[in-house]
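Everything below concerns the one structure shown next.
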Amino acid sequence: MLLFNNKIDLIKNLSLVNDRTIGFVPTMGGLHDGHLKLIQESKKKCDITVCSIFINPTQFNNLEDFSNYPSSLDNDLEKLKKAGCNIVYNPKNKDLYGDKISSKKFNFGKLACYMEGEFRPGHFDGVATVVEKLFNIIQPSIAFFGEKDLQQLQIIKALVKNMGSNIHVQSVSTVRESNGLAKSTRNKRLSKNGRDEAAEIYKCLVYCKKNKHNGISQLKKHVLQRLTNNKNIELEYIEFVDLEKMTPIKKWKGTNKNAICIAAYHSGIRLIDNIIL
Ligand code: PAF
């Protein structure tokens with residue numbers, strides 16, 4: 001496995017790839033089984049797998065979240081090596097941003113208006129800024145993104161369209177702990193007890209899927225009450241949305257695919273999850 005810290009060397013190396021396909025897995029490190037599934041998918045579909053590890057400062061709208069974001073480079077590199085990743089790109093801010101660490105302004109329309117777009121102002125501009133830079137450097141055939149960050153996934157698809165690029169964005173289903181909690185780098189900050197309590201978020205999503213016939217407003221009430229009963233969980237939003245548009249729906253629409261998305265805090269740690277119906 002090759003490790004690059006600067007884009008010039010990486011680009012030079014990638015120019016030797018010729019007509020082999022490049023699979024790309026962008027990450028912010030703190031790797032868990034969810035990331036490793038993305039690597040596995042890339043290995044199945046592409047000749048060469050590139051993984052980036054970069055905690056992107058422009059996508060954090062909360063300084064505390066940024067400073068507390070877990071970082072574990074040696075551990076990550078070991079996991080990637082074991083998983084058969086070919087190339088790792090681990091740049092410093094300067095390599096990607098030069099002297100000015102700032103986001104480009106994008107217009108993703110309604111896709112970025114609700115949920116993460118509403119509660120994390122500027123977040124998607126930061127994500128799209130760094131992913132565009134990474135796509136331009138790595139020029140993958142396929143880029144792999146987890147469904148846990150469902151709205152991000154749709155934003156990236158829109159970004160690729162805006163770029164006029166033919167990168168295929170491949171979604172990969174969420175990996176969960178045995179209690180249902182979605183795997184996330186932020187879970188590392190939860191206690192064992194916290195992880196069990198936080199699994200209630202997924203249990204609520206499963207309840208909604210099973211009881212779809214109860215209607216959206218009833219289901220929202222149920223989840224609100226159930227999560228409020230748990231004094232360590234603070235619900236930020238529960239939204240029922242059209243899967244493609246990421247816009248809220250009030251009633252189920254027969255033909256469209258939908259999703260239910262939740263963001264909640266457990267002991268100050270922000271968790272998101274969703275279920276697709
Ligand atoms: O999903 C993430 O880990 C990040 O948002 C990404 C896509 C690596 C961009 O920094």
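Just so you know, ligand 1 is whichever comes first in the structure, and atom 1 is the first atom listed for that ligand.
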Practice item. Answer with yes or no whether the side chains of N75 and E78 bring together a donor and an acceptor at under 3.5 Å. Key: no
If you look at each N/O of ligand 1, which protein N/O atoms lie under 3.5 Å away, and at what distance?
| residue | atom | partner | partner atom | Å |
| --- | --- | --- | --- | --- |
| ligand 1 | 1 (O) | Q152 | NE2 | 2.8 |
| ligand 1 | 5 (O) | Q59 | NE2 | 2.9 |
| ligand 1 | 5 (O) | Q152 | OE1 | 2.7 |
| ligand 1 | 10 (O) | Q59 | OE1 | 2.6 |

**Study point:** Distance-only polar pair, side chains of D95 and Y89, donor-acceptor under 3.5 Å
**Key:** yes
Check your understanding: Is the Lys NZ or Arg CZ of K92 less than 6.0 Å from the centre of Y97's six-membered ring, within 45° of the axis?
Key -> no
Check your understanding: Does the ring of Y202 carry R176 above it, NZ/CZ under 6.0 angstrom from centre and within 45° of its axis?
Key -> yes
Practice item. Please check if the distance between the ring centroids of Y237 and F119 is under 6.0 Å. Key: yes
Review point. Do K45 and T21 have side-chain N/O donor and acceptor atoms under 3.5 Å apart?
Key: no
